[in-house]
S.K.: 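Below are the structure tokens for one structure; questions will follow.
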Amino acid sequence: MIRLGLCCIFKSEPIKFRRTTAKYLLSLGQRGRAAFLADLCRHNADALYRALQFCAANGIGAFRINSQILPVKTHPEAGYDLDRLPGGDRIVERFKTCGAFSRENGIRTTFHPDQFLVLSSPKADVVRRSVADLEYHAMVAGWVNADAINIHGGGAYGDKATALRRLAAVIEGLDRDIRDRLTLENDDRVYTPADLVPVCRQTGVPLVYDIHHHRCLPDGNSVERTTEAALSTWNREPLFHISSPLNNKTGPCRPHHDFIDPRDFPDCWRDLDFTLEVEAKAKELAVLQLKRDLNLL
DNA sequence: AGCGGTCAAGTTGAT
DNA sequence: ATCAACTTGACCGCT
């Protein structure tokens, strides 16, 4: 069975997640800031619940939660704790209700922190802040029943082998509640599946295989072979990514298309049991379209 | 009501 | 040395 996943937001369904910036928060007084944040975080917890309901009602088996669900959470000056906000305990309860809904309805939830989270950096402070960001993700993941916090390998700094050794060492030092959820994804500029699989084997962290990135940044291995290697790293339902490039299909990596061209879905995935996150600008419309195109209805 | 400038953070590679 | 691209909005604040 193939479970298709929706990434973060909706195209036409009126479910919106709110955001803010550190700059704006710092322009507010202490009381105003706490009230503003409580309102925003409460809104996002409610929006997440509605997002999961939409997925359950429409046969979408997975939902990627935007890392900004609690925006600016780990910022050095503007960061905050929910339990210090007015009504913060009820906001946490609301997130836990999302987790219960996820469990009861079999909707998988995941996170994909953005490019600023880098565990391979030679700069200790970058790694320290990245780990702090992972702690935030793991905390929310525990509430909402997310079993994947998916990151890229980061930079190469002119020496991939050394950077990958740093990456593995940092992963091995992470707390279990992070490490048990962490996944590594091949990217389109630096780290291929062939680069990451050894780190996955060493650390027990699974590989999220992004086939579009693999086509942009090949490593000499076929899709079939890479699929097998990726599957072998998983101790739970595997998670892969698909997207279609916006313009012509050859040449360097292009931005995402509105929809998925079903020809980009490889034959060798047809009979697997896994989650496939759909990275397409038309969001839920693209997920539902791909379901039809693959006869998964 | 509509629109434009802005937004925490890292790294790479084009200029 | 500088800066856009990653992804891509959503927000505030001004008109």
Side-chain angles (χ1 to χ4, degrees), chain A residues 5-29 32-33 36-37 39-41 43-44 47-48 51 64-80 110-137 150-160 162-164 166-167 170 185-192 195 208 210 212-213 215-217 241-247 251-258 277-286:
Chain A
L6 169 63
C7 295
C8 303
I9 58 175
F10 293 80
K11 173 78 175 182
S12 67
E13 192 66 15
I15 298 172
K16 299 279 185 204
F17 293 91
R18 291 177 58 191
R19 305 175 69 171
T20 189
T21 62
K23 189 172 184 173
Y24 179 67
L25 290 179
L26 292 170
S27 78
L28 300 174
R33 192 194 299 182
F36 177 85
L37 279 169
D39 190 51
L40 189 157
C41 295
H43 171 97
N44 283 356
L48 178 59
R64 181 193 298 175
I65 302 168
N66 194 296
S67 291
Q68 300 279 338
I69 186 97
L70 300 179
V72 200
K73 174 79 172 68
T74 59
H75 186 277
E77 286 117 58
Y80 53 94
T110 69
F111 285 94
H112 193 6
D114 61 29
Q115 66 272 29
F116 305 112
L117 202 163
V118 182
L119 299 184
S120 62
S121 179
K123 300 168 195 163
D125 206 49
V126 171
V127 175
R128 184 185 58 73
R129 289 198 309 269
S130 295
V131 171
D133 220 49
L134 283 177
E135 286 166 356
Y136 148 64
H137 280 87
N150 178 39
I151 63 171
H152 291 293
Y157 316 91
D159 181 356
K160 266 194 203 182
T162 301
L164 286 174
R166 281 195 302 267
L167 175 64
V170 171
E185 177 190 347
N186 62 301
D187 64 80
D188 58 357
R189 296 160 77 89
V190 181
Y191 291 112
T192 65
D195 291 326
V208 171
D210 186 311
H212 174 55
H213 290 160
R215 285 166 175 152
C216 298
L217 184 70
H241 288 177
I242 195 167
S243 57
S244 291
L246 185 53
N247 295 320
C253 228
R254 297 258 163 246
H256 294 162
H257 193 90
D258 287 347
E277 288 186 334
V278 175
E279 298 184 317
K281 292 197 295 182
K283 295 297 165 186
E284 79 278 16
L285 306 180

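Quick note on labels: first sequence line is chain A, next is B, and so on, each numbered from 1.
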S.K.: Could you write out DNA chain B as dot-bracket? Rules: Watson-Crick or G-U wobble, both distances under 3.5 Å, brackets [ ] for crossings, | for pairs with another strand, dot for unpaired.
M.R.: |||||||..||||||

S.K.: How far apart are the C-alpha atoms of His241(A) and Asn150(A), what are their side-chain angles, what is the distance that settles it, and do they pass the side chain to side chain contact (heavy atoms under 4.5 Å, CB included) test?
M.R.: CA-CA 11 Å; His241(A) 288 177; Asn150(A) 178 39; 3.5 Å; yes

S.K.: Between dG4(B) and dC6(C), how far apart are the P atoms? Round to whole Å, please.
M.R.: 22 Å

S.K.: Are any side-chain N or O atoms of Tyr136(A) and backbone N or O atoms of Ser67(A), one a donor and one an acceptor, separated by less than 3.5 Å?
M.R.: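 Looks like yes, one N/O pair under 3.5 Å.
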
S.K.: Which residues satisfy the ring-ring contact (aromatic ring centres under 6.0 Å, His included) test with Phe111(A), sequence neighbours excluded?
M.R.: His137(A)

S.K.: Run through Leu217(A), Asp210(A), Thr192(A) and flag the one making a side-chain contact (heavy atoms from CB on, under 4.5 Å) with Asn186(A).
M.R.: Asp210(A)

S.K.: In whole angstrom, give the distance that lies between atom CG of Asp188(A) and atom P of dT12(B).
M.R.: 13 Å

S.K.: To the nearest angstrom, how far is Asn186(A) atom CG from dC6(C) atom C1'?
M.R.: 15 Å

S.K.: Between Leu117(A) (CG) and dA8(B) (P), how many Å, whole number?
M.R.: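 Nearest whole value for this atom pair: 17 Å.
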
S.K.: Could you list the donor-acceptor pairs under 3.5 angstrom formed between side-chain atoms of residues 116-132 of chain A and any protein atom two or more places apart in sequence or on another chain?
M.R.:
from: Ser120(A); atom 1: OG; to: Gly153(A); atom 2: O; distance (Å): 2.8
from: Ser120(A); atom 1: OG; to: Gly155(A); atom 2: O; distance (Å): 3.4
from: Ser121(A); atom 1: OG; to: Lys123(A); atom 2: N; distance (Å): 3.0
from: Asp125(A); atom 1: OD1; to: Arg128(A); atom 2: NE; distance (Å): 3.0
from: Asp125(A); atom 1: OD1; to: Arg128(A); atom 2: NH2; distance (Å): 2.7
from: Asp125(A); atom 1: OD2; to: Arg129(A); atom 2: NH1; distance (Å): 2.6
from: Ser130(A); atom 1: OG; to: Val118(A); atom 2: N; distance (Å): 2.9
from: Ser130(A); atom 1: OG; to: Val118(A); atom 2: O; distance (Å): 3.2
from: Ser130(A); atom 1: OG; to: Val126(A); atom 2: O; distance (Å): 2.8

S.K.: Working note: Leu37(A) + Tyr80(A), criterion side chain to side chain contact (heavy atoms under 4.5 Å, CB included); need CA distance, chi angles, decisive distance, verdict.
M.R.: CA-CA 9 Å; Leu37(A) 279 169; Tyr80(A) 53 94; 3.6 Å; yes

S.K.: Listed by chain and number, what are the side chain to side chain contact (heavy atoms under 4.5 Å, CB included) partners of Gln115(A), not counting sequence neighbours?
M.R.: none

S.K.: When the C1' atoms of dA8(B) and dA1(C) are compared, how many Å lie between them, rounded to an integer?
M.R.: 23 Å

S.K.: Rounded to whole angstroms, how far apart are CG on Asp159(A) and C1' on dT11(B)?
M.R.: 15 Å

S.K.: Answer yes if the side chains of Glu185(A) and His112(A) hold a donor-acceptor pair under 3.5 Å, and no otherwise.
M.R.: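 Per modelled atom types, Glu185(A) and His112(A) side chains form a pair under 3.5 Å.
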
S.K.: Listed in order of residue number, which residues of residues 120-132 of chain A have a non-hydrogen atom at under 4.0 Å from DNA chain B?
M.R.: Ser121(A), Lys123(A), Val126(A), Arg129(A)

S.K.: Measure from the side-chain N and O atoms of Glu284(A) to the backbone N and O of Glu13(A), and report whether any donor-acceptor pair falls under 3.5 Å.
M.R.: yes

S.K.: When the P atoms of dG10(B) and dG9(C) are compared, how many Å lie between them, rounded to an integer?
M.R.: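 About 24 Å, rounded to a whole number of Å.
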
S.K.: By side chain to side chain contact (heavy atoms under 4.5 Å, CB included), which residues pair with Lys16(A), not counting sequence neighbours?
M.R.: none

S.K.: Calculate the interatomic distance between His75(A) atom NE2 and dG10(B) atom P; express it in whole Å.
M.R.: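 His75(A) atom NE2 is separated from dG10(B) atom P by 11 Å.
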
S.K.: Would you say whether Phe116(A) stacks on dG10(B)? The test is a distance between ring centres of less than 5.5 Å and an angle between planes of less than 30°.
M.R.: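 Not stacked: fails the 5.5 Å / 30° test.
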
S.K.: Provide the full list of salt bridge (charged side-chain N to carboxylate O under 4.0 Å, His left out) pairs with a residue in residues 65-80 of chain A, sequence neighbours left out, each pair given once.
M.R.: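 Only Lys73(A)-Asp81(A) qualify under salt bridge (charged side-chain N to carboxylate O under 4.0 Å, His left out).
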
S.K.: Output all residues satisfying side chain to side chain contact (heavy atoms under 4.5 Å, CB included) with Ala22(A), sequence neighbours left out; order by chain, then residue number.
M.R.: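 Partners of Ala22(A) by the side chain to side chain contact (heavy atoms under 4.5 Å, CB included) criterion, ordered by chain and then number, come out as Val72(A), His75(A), Ala78(A).
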
S.K.: Starting at CG of Leu26(A) and ending at C1' of dA9(B), how long is that distance when rounded to a whole Å?
M.R.: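 Interatomic distance, CG of Leu26(A) to C1' of dA9(B): 14 Å.
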
S.K.: Find the distance His152(A):NE2 to dT7(C):C1' and express it as a whole number of Å.
M.R.: 10 Å

S.K.: Glu277(A) CD to dT7(C) P: how many Å, rounded?
M.R.: 14 Å

S.K.: What interatomic distance, in whole Å, is found between P of dT8(C) and the corresponding atom of dC3(B)?
M.R.: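 dC3(B) and dT8(C) have their P atoms separated by 24 Å.
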
S.K.: For the residue pair His152(A) / Arg189(A), report whether a side-chain donor-acceptor contact shorter than 3.5 Å exists.
M.R.: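 Side-chain D/A pair, Arg189(A) to His152(A): absent.
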
S.K.: How far does the C1' atom of dG2(B) sit from the matching atom of dT7(C), given to the nearest Å?
M.R.: 25 Å

S.K.: What's touching nucleotides 13-15 of chain B from the protein side, N or O pairs under 3.5 Å?
M.R.:
none

S.K.: Would you say Lys283(A)'s side chain and Ser12(A)'s backbone share a donor-acceptor pair under 3.5 angstrom?
M.R.: no

S.K.: Along nucleotides 10-15 of chain C, 5' to 3', which nucleotides get a B, which get an S, and which get a -, given that the test is a protein heavy-atom distance under 4.0 Å?
M.R.: SSS---

S.K.: Answer with base, sugar-phosphate or nothing: what part of the nucleic acid does Ala78(A) contact at a heavy-atom distance below 4.0 Å?
M.R.: nothing

S.K.: Categorize Lys11(A) for me: base, sugar-phosphate, or nothing, with a 4.0 angstrom heavy-atom threshold over every strand shown.
M.R.: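 The answer is nothing, as Lys11(A) stays clear of every strand by at least 4.0 Å.
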
S.K.: Looking at residues at least two apart in the chain, or sitting in another chain, which of them share a ring-ring contact (aromatic ring centres under 6.0 Å, His included) with Phe36(A)?
M.R.: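 Residues passing ring-ring contact (aromatic ring centres under 6.0 Å, His included) with Phe36(A): Tyr24(A).
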
S.K.: Strictly distance-based, threshold 3.5 Å: is any side-chain N or O of His256(A) a donor or acceptor partner for the main-chain N or O of Ser243(A)?
M.R.: no

S.K.: List every contact pair, protein side and nucleotides 2-6 of chain B side both N or O, where the distance is under 3.5 Å.
M.R.:
none

S.K.: Taking Leu70(A)'s backbone N and O only, do any of them form a donor-acceptor pair with Asn44(A)'s side chain (distance below 3.5 Å, no angle check)?
M.R.: no

